[in-house]
Amino acid sequence: MKPDKQQVTQGPRGDNQPPMSPLQAALNSAATASQAYETYIDNGFICLKHKIRNIEKKKLKLEDYRDRLKRGEVLNQDQLEAVEKYEEVIHNLEFAKELQKTFSGLSQELLKAQRKAQRRETLLKLEAEKKKLRTILQVQYVLQNFTQEHVQKDFRSGLNGAIYLPSKELDYLIKFAKLTCSGRNETVSVEDQMEQSSLCFWDLLEGSEKIVVGTTYKHLKDLLSKLIDSGYFENIPTPCNKPEKEELKEEMLEKPKQLSKPESVNEIGNVYI
């Protein structure tokens, strides 16, 4: 049964676009959060600017009333009451401008801190993705070498720096290695084969309780962690080459024969003499 493929997203014009990688998603999420925060700050500045503009208009209107009073013109009661609030309006205008100045400086500091925190968060996400990729490469290296008979023999016997593993756990690892690190499977496309392998490695990294090769991904993760931590794969012992030993034995056996030939020749010569 084929695993469900990732859905293809559509762009603003309806064009099909490939799904984003985890790295792209991390960068886009950080950019979106920063843009939302800057939009919030900008909206606050716009409201404050409108407030200052309205107070300045009121100030100009009250100054006109004051000038008309100085020229001896008669104002109605509402206009007179408005003139009495001139100092209050001046105070409010100065306060609003000072608030705008303070708010501008504070917002710049907040934006710097926000961007710095987002950069740090993005770097942490990138490092986490790099760590996952590094772990996958380590696991692949271990599994690829685990398919070799002399490596299996070392772990079966606990020799050459390998930890001892029961036959059952060895069988799990061998089957999982064949499942994920085997050669090209001609019955499926390259994309489908790579997708199946990637899903297996993803469940392995997550320590899933799903069943695979007779055990769980969680149990396989623990086993592979032991293998990596054992240090055996830092310097894998070379397999013993039995044919070379047999050749050495044959050479050792041939040397006495070669030494015995001259003696036999001399003996034959002596007979003729």
Side-chain angles (χ1 to χ4, degrees), residues 1-9 18-30 33 117-118 120-149 151-185 187-236:
M1 181 177 180
K2 285 187 178 182
D4 295 335
K5 292 185 179 180
Q6 292 181 346
Q7 294 182 352
V8 178
T9 57
M20 291 187 297
S21 67
L23 300 183
Q24 291 173 327
L27 293 173
N28 287 345
S29 63
Q118 288 171 351
R120 189 184 302 112
E121 183 181 358
T122 301
L123 288 175
L124 289 174
K125 289 181 179 179
L126 294 178
E127 286 300 322
E129 295 299 328
K130 289 179 183 178
K131 185 178 180 181
K132 286 182 179 179
L133 179 58
R134 185 168 59 248
T135 302
I136 289 175
L137 294 176
Q138 280 183 314
V139 170
Q140 280 185 323
Y141 175 75
V142 169
L143 292 174
Q144 286 169 354
N145 283 281
F146 207 80
T147 58
Q148 302 182 62
E149 291 185 4
V151 173
Q152 297 173 19
K153 183 178 179 181
D154 286 343
F155 281 95
R156 189 177 290 110
S157 305
L159 300 175
N160 297 322
I163 60 175
Y164 168 75
L165 289 177
S167 299
K168 193 174 183 180
E169 294 188 341
L170 279 168
D171 187 56
Y172 292 152
L173 292 169
I174 293 170
K175 287 181 179 178
F176 190 71
K178 291 179 180 179
L179 177 65
T180 55
C181 300
S182 60
R184 177 76 179 93
N185 184 1
T187 61
V188 297
S189 66
V190 174
E191 181 182 359
D192 288 342
Q193 185 178 357
M194 294 302 103
E195 186 174 0
Q196 290 172 4
S197 296
S198 66
L199 291 175
C200 288
F201 282 118
W202 179 262
D203 287 332
L204 182 70
L205 290 178
E206 294 295 312
S208 172
E209 294 290 348
K210 294 178 182 178
I211 302 298
V212 63
V213 297
T215 184
T216 63
Y217 283 101
K218 185 178 185 301
H219 183 57
L220 284 173
K221 182 180 180 181
D222 294 337
L223 282 178
L224 287 165
S225 296
K226 290 179 182 178
L227 296 185
I228 294 172
D229 294 339
S230 69
Y232 176 86
F233 293 94
E234 296 291 335
N235 187 15
I236 301 174

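Given the structure is predicted, the values throughout are model-derived calculations rather than measurements.
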To the nearest 0.5 Å, tell me how far Leu223 CG sits from Ile228 CD1.
->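 Taking CG in Leu223 and CD1 in Ile228, the distance rounds to 11.0 Å.
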
What residue pairs, at least two apart or across chains, pass ring-ring contact (aromatic ring centres under 6.0 Å, His included) with a residue in residues 152-177?
->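 Of all non-adjacent pairs touching residues 152-177, those that pass ring-ring contact (aromatic ring centres under 6.0 Å, His included) are Phe146-Phe155, Phe155-Tyr232, Phe155-Phe233.
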
Holding to salt bridge (charged side-chain N to carboxylate O under 4.0 Å, His left out), I want the full list of residues that pass it with [X], two or more places apart in sequence or in another chain.
{"X": "Lys132", "result": "none"}
{"X": "Glu121", "result": "Lys125"}
{"X": "Lys210", "result": "Asp203"}

Within the side chain of Ser197, is there an N or O that forms a donor-acceptor pair under 3.5 Å with the backbone of Met194?
->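 The answer is no, because no donor-acceptor pair under 3.5 Å joins these two groups.
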
If a pair satisfies side chain to side chain donor-acceptor pair (under 3.5 Å) and one of its residues is in residues 135-148, list it, with sequence neighbours excluded.
->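 For residues 135-148: Asn145-Gln148.
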
Can you name the nearest heavy-atom pair linking [X] to [Y], along with the distance?
{"X": "Ile163", "Y": "Ser230", "result": "CG2-CB, 3.9 Å"}
{"X": "Lys221", "Y": "Glu206", "result": "NZ-C, 4.5 Å"}
{"X": "Leu204", "Y": "Leu224", "result": "CD2-CD1, 3.7 Å"}
{"X": "Cys200", "Y": "Leu179", "result": "SG-CD2, 4.0 Å"}

Asp222 and Lys226 ion-paired at < 4.0 Å |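 Salt bridge between Asp222 and Lys226, a charged N being under 4.0 Å from a carboxylate O: no.
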
Please identify each residue that fulfils side-chain contact (heavy atoms from CB on, under 4.5 Å) with Glu234, with sequence neighbours left out.
->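 Not a single residue meets the side-chain contact (heavy atoms from CB on, under 4.5 Å) criterion with Glu234.
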
